Structures are given as structure tokens and as C-alpha cells.
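Have a look at the structure below, then the notes.
These values consider heavy atoms only, across backbone and side chains, with no hydrogens, waters or symmetry-generated copies. Order of the sequence lines sets the chain letters (A, B, ...), proteins ahead of strands, with each chain counted from 1. As the structure is a computational prediction, the values presented were derived from the model and not from experiment.
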There are 2 protein chains.
Amino acid sequence: MARKPGSRAEITGPRLRDAALRLFARDGYAAVSMRQIAAEVGVQAGAIYLYTADKQTLLFQLMQDHMDALLGAWADSTPPLGDARARLQHFARFHIRFHAARADAVFIAYMELRNLTPANFATVEALRKRYETELETILRAGQDEGTLAVPDTKLAAMALIAMLTGVNTWFREGGRLSRDRVEEIYVDMVLKAAGARA
Amino acid sequence: MARKPGSRAEITGPRLRDAALRLFARDGYAAVSMRQIAAEVGVQAGAIYLYTADKQTLLFQLMQDHMDALLGAWADSTPPLGDARARLQHFARFHIRFHAARADAVFIAYMELRNLTPANFATVEALRKRYETELETILRAGQDEGTLAVPDTKLAAMALIAMLTGVNTWFREGGRLSRDRVEEIYVDMVLKAAGARA
DNA sequence: GTCTATAATTGGATAGAC
DNA sequence: GTCTATCCAATTATAGAC
């Protein structure tokens, strides 16, 4: 049987994480075995434990990395100079684009929350809350400016994020509508829902 | 050990389904064992198979029953006589109330879709689609009447349902806002997002 | 760094007594 | 209708050879 020669640590680690991400997204954390993940990469089950402490840590790091990437990308995005209405539009576009590009990680990040240990859950939840706060800040500014009108800032933030993230449950490249057109339609609905001036 | 006397079939079946519903919602289908479900009800693992063919059928029937109940309750709800705008308001209220009352079933109905066999998935998916079509019908009527303005009927239906169902991820009785107030806020956002006349 | 082999546990499902 | 006992396959994780 084709035995692999020696050291490939630098690439085996990332490949294991990629395989875990894809399999967890497709079948669910509880339904995927360490053997499956190993087989996907072409190593034996035992070898996984050279790269992660255990299955729980593997899941946790996938989710933490995703949330870090999300917050990092948001921080790096250049918000428009205009009013809160323009910043909300920017947020909606950013959210859809970032999430569309990482469907597996997004799916895991909120389907597998209950499979985290309480300590790991708290860490991930804090990151998620930080992202939500970014949107709340925009909505509050719009309320103060008079460019947006939301009945409750916190609820509106959760409602808009739920609406935007929902795109991932059905969007497939090559469908009836292009990615850009979907983005346009959702941005329109988000602005309307937030009471943006026409 | 406390042995149970004979026949209790009429209540054991429903109790097993209730226990499965709660445990599946809390820990996920794949993470819950038949032994756990049995223990919750106070019977032995083997006894479950008197009430269900297997674990898959148990999950499928929970989901099918939920969707049947949803469509039945919607059919029984008396829509207002007015325009599509009023019917959309009625739909939003109905959706939030029905889903708030059955958080466990709702959670399962869309977290465990991937754990259904293809045949079972198709059945449940058809029921879900029927519900979505009910909302599409309202939105299309509003578009024709001029009381609503949505950029795309299908997308709007999915977006609004995602927003409304999102309530379940955070709402807990006794929080900052009452159930009625939350309902009011969401109805407001739904109507705005659908371009309802002010 | 990866392998084989295995420990220790748990899973779904069934058989047969009562 | 429920019990005990059990089959058989699969799980996570570790030990030790190479």
C-alpha cells in the first residue's frame, strides 16, 4: 500500500482543517468521524491527533477562525463616508459577499454551536455578539441622524442579520439570479426594513 | 428495580415522541441515542421499537407532523378581508405565534434536514415549499394591487420567513420585551421590507 | 510524521423470557 | 408491552513500531 514518505506537517494540518470544515458542514459534527476526516486527507486516524488535541478543539478552532476572519474583514473594509444609510448599505453588501464566499464555515458557525463545550461556546458567542454590535452602531446612528427608522435597535440588528444570512440556505451559483442581482434585491429589502428614506 | 406493569401503549408512544423532540432539539439527532430517549421516558431501549421502525423514522415523523400542523393551522386561521397588506400582517403574526409556541419542533425542522434520507427529505421539503408558496401568493397579490412592492416575490418570501423564524433563535419569555411587543416590532419590519404603503 | 494495532466505550437494533 | 441480554459495528483516543 502506498505509504507516504516523511514530513508533510505544513500542509497536512491545513488540509485536515479543510476536510473537517467540508465534512462537518455536509454531515454535521456529530455524524462525522475522525476516521472520515483522516481518510479524506489520506492519512490514518491516529495522525489527526498530531494537529489537534481532540475533535472538540477541531470544531472550536474552525468556528473561532471563521469569526476572527469575519471581524477582521469587516475591520478592513472601508466604510463609505456618507450617512448611516450608506453605511448600512455597505454592511449588507459586505455581509452577503463574505458569507457567500464561505458557505461551509457559515453553516457550521451556527449549526454546530450546541456541540461546543460551554467555555468554547462563550468565546464564539462573544465574537458573534461583537459583529452584531457593529450593525447596531450603524442603526443607532441612522436613528439619531434621521436617515433610518427602526422600532428597536437590537431586534432590528438580529432580524436583518437573520434575513441576510438566510441567503446562504438557498443561493447557488448559476441559478435564476446572479450573485450581484441577489445582493441588490437584499440590500433593497434591508434598507426598506430599516426605514431608510426613499 | 421498579418494574412497570403491563400495557401502557397509548401513552408511551406520545411520550417517546415528546422526549425525542426535546432531546433532538437540545443535542441534535446524531448526538442523541435511542437509549437516552428510552431512559427519559422510563422504558428500556428495546421498547422504542414497538412504536417506531427506527431512529430515522422517528425523526421523519416528528418533522412531518410539525409541517402538517403548521399548514393545518395556517389553513384554519381566518385571513382578514382587506387587502394583501392586511393579509401579510396576518401572516407575520401567525408565523411568529405558531413558531414561538413550538420552538423545539421548529428548530429540528430546519436543523436536522440533512439527517433525513433523500426520500424523507423530499417529502418534508415539499411541505416547506407549500408554506412558502402561501406567502408568495400574498406578496404577488400585493404587488398587483399596489399595496406592496417587492423586488422579487420568491426572494422576498424566503427573506421574510428567514427574518421571522430568526425570532426563535433568541426570544425567551420574560426577557426585555414581551411576546406581543416583539410581534409588533417584527410585523412593522416585515411590512416595511415588503414595501407596504405607510 | 505516519503507520498498525488496540483499548475502552458506545451506538442501533434484535431475540426471547415473562 | 416491557424486560434482560446480546450481537455486531462503529466510535474516540492512545501506544509503540518504524
Original post:
Of all residues at least two apart in sequence or in a different chain, which pass the side chain to side chain donor-acceptor pair (under 3.5 Å) check with B:Glu40?
Top reply: B:Arg22

Original post:
Is a side-chain N or O of A:Gln89 found less than 3.5 angstrom from the main chain of A:Val187, in a donor-acceptor match?
Top reply: no

Subject >> Given D:dT2, D:dT14, C:dA13, the nucleotide with the shortest approach to the side chain of B:Thr12 >> reply: D:dT2

Original post:
When you measure from the side chain of A:Val43, which nucleotide among C:dC3, D:dC3, D:dT14 comes out closest?
Top reply: C:dC3

**OP:** Compare the minimum distances between each of C:dC3, C:dT14, D:dT6 and the side chain of A:Ala47, then state the nucleotide with the smallest one.
**Re:** C:dC3

Original post:
So which nucleotide from D:dT2, D:dA13, C:dT4 ends up closest to the side chain of A:Gln44?
Top reply: C:dT4

**OP:** Return the nearest nucleotide to the side chain of A:Lys55; candidates are D:dA13, D:dT4, C:dT2.
**Re:** D:dA13

Original post:
Between A:Glu134 and A:Arg87, is a salt bridge (charged side-chain N to carboxylate O under 4.0 Å, His left out) present by the stated rule, with each step listed?
Top reply: CA-CA 11 Å; A:Glu134 296 291 321; A:Arg87 290 204 299 284; over 6 Å; no

**OP:** Sort out for me which residue in A:Thr57, A:Leu59, A:Ile37 forms a side chain to side chain contact (heavy atoms under 4.5 Å, CB included) with A:Thr52.
**Re:** A:Thr57

Original post:
Among C:dG1, D:dA13, D:dT2, which nucleotide sits nearest the side chain of B:Tyr51?
Top reply: D:dT2

Subject >> Nearest-neighbour nucleotide for the B:Met34 side chain, D:dT2, D:dA13, C:dG12 considered >> reply: C:dG12

Original post:
Nearest to the side chain of B:Arg35, which nucleotide is it out of C:dT2, D:dA13, C:dG11?
Top reply: C:dG11

